[in-house]
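As structure tokens, the structure follows; a few thoughts come after it.
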Amino acid sequence: MAKKIIISSDYEHLREFVASLPETFDTIGTLLYEGRNVVKSITVDGVELIVKRYRRPHFIQGISYSYFTSSKAERAYVYARRLRELGFSTPREVAYVEVKSRTFLTYSYFVSLPDHRPPLSQLLRRPDFSRVCVAQLAEFIASLHENGVIYGDLNMTNILYSVDNDEHYQFGLIDTNRARFAYPSRRQALEDLIRLSYDHDFLNCFAGLYAECRGWNLEQTRREAIEALARFQERHRRYDAIKCALRLKK
């Protein structure tokens, strides 16, 4: 087993802990999430850390991550820094670890500081969602796109928020590994923002507010956003049908 360990210079004193993650991760910390990936909170020398272990890649992904593309952990680490440099809030990157068996990537780990703010899903996934919050969120995402960021995974659980007594919202981003740093075309921008919600009422409201921020025609933007959502859902329907067919053949 070979390990690649990258640590921010500010957290070099945590190197021993970071290096031990492949051996200790399963038995330490507090579980925060378990699904395709596993996320834990682990306190080391009085410092709370969030550690995410990415799912073991399948064979083709393993080849890709080993020879052609960066691992999810490396992208999370690098992209967090780039987002902060652009002025966007995201948890401070601490380290990442890649584990290889022979020459193929098996597991990777991303370590960051925590952000304990709640996700937007708690606030906006309901019929009486706050129009004030949605308007400020539209400004935030328009700013992302105008600064050359296509986030790629803009679901409400990946956007954290805080709000003051004057209803001024601050937003933060997590799960940074799918970001792309390029100025999006109109179609790319719409395909990015439709991941916020599949609810047509919400999307219609949000797309109009986003259009105002970008100086776009409101009705055209709303129509194109709904069309983009339909394309996205059709792609997923076909993908799910193919997966189901492959399972039935086994």
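Applying the side chain to side chain donor-acceptor pair (under 3.5 Å) criterion to Lys52, with sequence neighbours excluded, gives Asp175. Residues forming a salt bridge (charged side-chain N to carboxylate O under 4.0 Å, His left out) with Glu234 (at least two apart in sequence, or on another chain): Arg237, Arg238. With sequence neighbours left out, the salt bridge (charged side-chain N to carboxylate O under 4.0 Å, His left out) criterion links Glu191 to Arg187, Arg231. Taking Asp128 as the reference, Arg126 meet the salt bridge (charged side-chain N to carboxylate O under 4.0 Å, His left out) condition, with sequence neighbours excluded. By the salt bridge (charged side-chain N to carboxylate O under 4.0 Å, His left out) test, Arg82 is found to be paired with no residue, residues two or more places apart in sequence or in another chain being considered.
For Ile194 against Ala225, the heavy-atom pair with the smallest separation is CG2-O, 3.6 Å. Heavy atoms only, all atoms of each residue included: Asn147 and Ser143 are closest at ND2-O, 2.8 Å. Arg75 approaches Ser70 most closely through the heavy-atom pair NE-O, 3.2 Å. Scanning all heavy atoms of the two residues, the minimum distance from Ala19 to Ile5 falls at CB-CD1, 3.5 Å. Closest approach of Ile150 to Gln188, counting heavy atoms only: CD1-OE1, 4.1 Å. Taking each heavy atom of Ala80 and Thr90 in turn, the nearest pair found is O-CG2, 3.4 Å.
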Fill in: Verdict with reasoning, Leu124 to Leu137, per side chain to side chain contact (heavy atoms under 4.5 Å, CB included)
CA-CA 11 Å; Leu124 297 183; Leu137 178 64; 4.0 Å; yes
Discussion item. Let's go through Tyr107 and Phe25 carefully: what are the C-alpha distance in whole Å and the side-chain angles of both, what is the deciding distance for ring pair (Phe, Tyr, Trp, His ring centres under 6.0 Å) to 0.1 Å, and is it a yes or a no?
Written reply: CA-CA 11 Å; Tyr107 288 106; Phe25 182 78; 9.2 Å; no
Discussion item. For a side chain to side chain contact (heavy atoms under 4.5 Å, CB included) check, start with the C-alpha distance between Arg81 and Ser8, then their side-chain angles and the critical distance, and finish with the verdict.
Written reply: CA-CA 10 Å; Arg81 183 176 66 247; Ser8 170; over 6 Å; no
Worksheet entry | Chi angles and distances behind the ring pair (Phe, Tyr, Trp, His ring centres under 6.0 Å) call for His145, Tyr183 | CA-CA 6 Å; His145 292 163; Tyr183 289 94; over 10 Å; no
Worksheet entry | Phe88/Phe171 under side chain to side chain contact (heavy atoms under 4.5 Å, CB included): CA gap, chis, key distance, verdict | CA-CA 8 Å; Phe88 298 104; Phe171 302 105; over 6 Å; no
Item to complete: With side chain to side chain contact (heavy atoms under 4.5 Å, CB included) as the test, would you mind laying out the steps for Leu113 and Tyr11 before giving the verdict?
Response: CA-CA 11 Å; Leu113 297 184; Tyr11 296 95; 3.2 Å; yes
Item to complete: Determine, stepwise, if the pair Asp10 / Arg92 fulfils salt bridge (charged side-chain N to carboxylate O under 4.0 Å, His left out).
Response: CA-CA 11 Å; Asp10 292 337; Arg92 173 74 158 82; 2.7 Å; yes
Worksheet item: Can you list the steps and then say if Lys40 with Tyr33 is a side chain to side chain donor-acceptor pair (under 3.5 Å)?
Response: CA-CA 7 Å; Lys40 287 187 171 185; Tyr33 174 81; over 6 Å; no
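For the pair Arg53 and Tyr109, the cation does not sit on the ring face, since its NZ or CZ is not both under 6.0 Å from the ring centre and inside 45° of the axis. Figure legend: Arg125 and Phe129 shown without cation-pi pairing, the cationic atom not lying both under 6.0 angstrom from the six-membered ring centre and within 45 degrees of its axis.
Contact annotation: the side chain of Val111 never approaches that of Ile50 to less than 4.5 Å [non-hydrogen atoms, C-beta and beyond]. Taking 4.5 Å as the limit, some side-chain heavy atom of Leu123 sits within range of a side-chain heavy atom of Cys133. Counting heavy atoms from C-beta on, the side chains of Asp115 and Pro91 come closer than 4.5 Å. Counting heavy atoms from C-beta on, the side chains of His116 and Leu160 never come closer than 4.5 Å. Phe181 places a side-chain heavy atom less than 4.5 Å from the side chain of Leu83. In this structure the side chain of Phe232 reaches within 4.5 angstrom of the side chain of Tyr198, judged on heavy atoms. Counting only heavy atoms from C-beta outward, the side chains of Cys205 and Val134 approach each other to under 4.5 Å. When side chains are defined from C-beta on, Leu144 counts as touching Leu173, because their heavy atoms get closer than 4.5 Å.
Counting only residues at least two apart or in different chains, salt bridge (Lys or Arg N to Asp or Glu O under 4.0 Å) contacts with residues 206-216 comprise Glu146-Arg214.
Residues Val44 and Ile7 fall within the same hydrophobic cluster, defined by Ile, Leu, Val, Met, Phe, Trp and Tyr side chains chained together at heavy-atom separations under 4.5 Å. Val39 and Tyr96 fall into different hydrophobic clusters, defined by Ile, Leu, Val, Met, Phe, Trp and Tyr side-chain heavy atoms under 4.5 Å apart, directly or through other members. Hydrophobic clustering (side-chain heavy atoms under 4.5 Å, transitive across Ile, Leu, Val, Met, Phe, Trp, Tyr) keeps Leu14 apart from Tyr77. Phe206 and Trp216 fall within the same hydrophobic cluster, where Ile, Leu, Val, Met, Phe, Trp and Tyr residues are linked whenever their side-chain heavy atoms come under 4.5 Å apart, directly or through other members. Hydrophobic clustering of Ile, Leu, Val, Met, Phe, Trp and Tyr side chains at less than 4.5 Å, counting indirect connections, unites Val97 with Val47.
In summary, Lys3 and Glu23 engage in a salt bridge, as defined by a charged side-chain N under 4.0 Å from a carboxylate O.
Although no hydrogens or angles enter the test, the distance criterion places a donor-acceptor pair under 3.5 Å between the side chain of Ser71 and the main chain of Glu74. Asp153 places no side-chain N or O within 3.5 Å of a backbone atom of Asn158 that could act as its donor or acceptor partner.
Inspection of the Thr157 and Asn155 side chains reveals an N or O donor paired with an N or O acceptor under 3.5 Å. Between the side chains of Glu48 and Ser41, at least one donor N or O lies within less than 3.5 Å of an accepting N or O. Residues Glu98 and Ser108 have side chains that never bring a donor and an acceptor to within less than 3.5 angstrom of each other. Checking Thr221 against Arg186 by side-chain atom types alone, a donor-acceptor pair falls below 3.5 Å.
Atom CZ of Arg117 is separated from atom CD1 of Ile174 by 10.0 Å, given to the nearest 0.5 angstrom. Between the CG atom of Asp192 and the CD1 atom of Ile141 there is a distance of 7.5 Å, given to the nearest 0.5 Å. Atom OH of Tyr210 and atom CG of Leu196 lie 11.0 Å apart (nearest 0.5 Å). Separation of atoms SG (Cys213) and CD (Gln136) is listed at 10.5 Å; rounding is to 0.5 Å. The structure places CZ of Phe110 at 11.0 Å from CG of Leu49, a figure rounded to the nearest 0.5 Å. For the atom pair OH of Tyr79 and OH of Tyr151, the computed distance is 11.5 Å after rounding to the nearest 0.5 Å.
Annotation: Glu12, atom CD; neighbour count of heavy atoms from other residues, nucleotides and ligands within 6.0 Å is above 12. Residue Arg36 qualifies as open at atom CZ: its count of foreign heavy atoms under 6.0 Å is 12 or below.
Taking the six-membered ring for Trp and thresholds of 30 and 60 degrees, Tyr161 and Tyr169 have ring planes inclined between 30 and 60 degrees apart.
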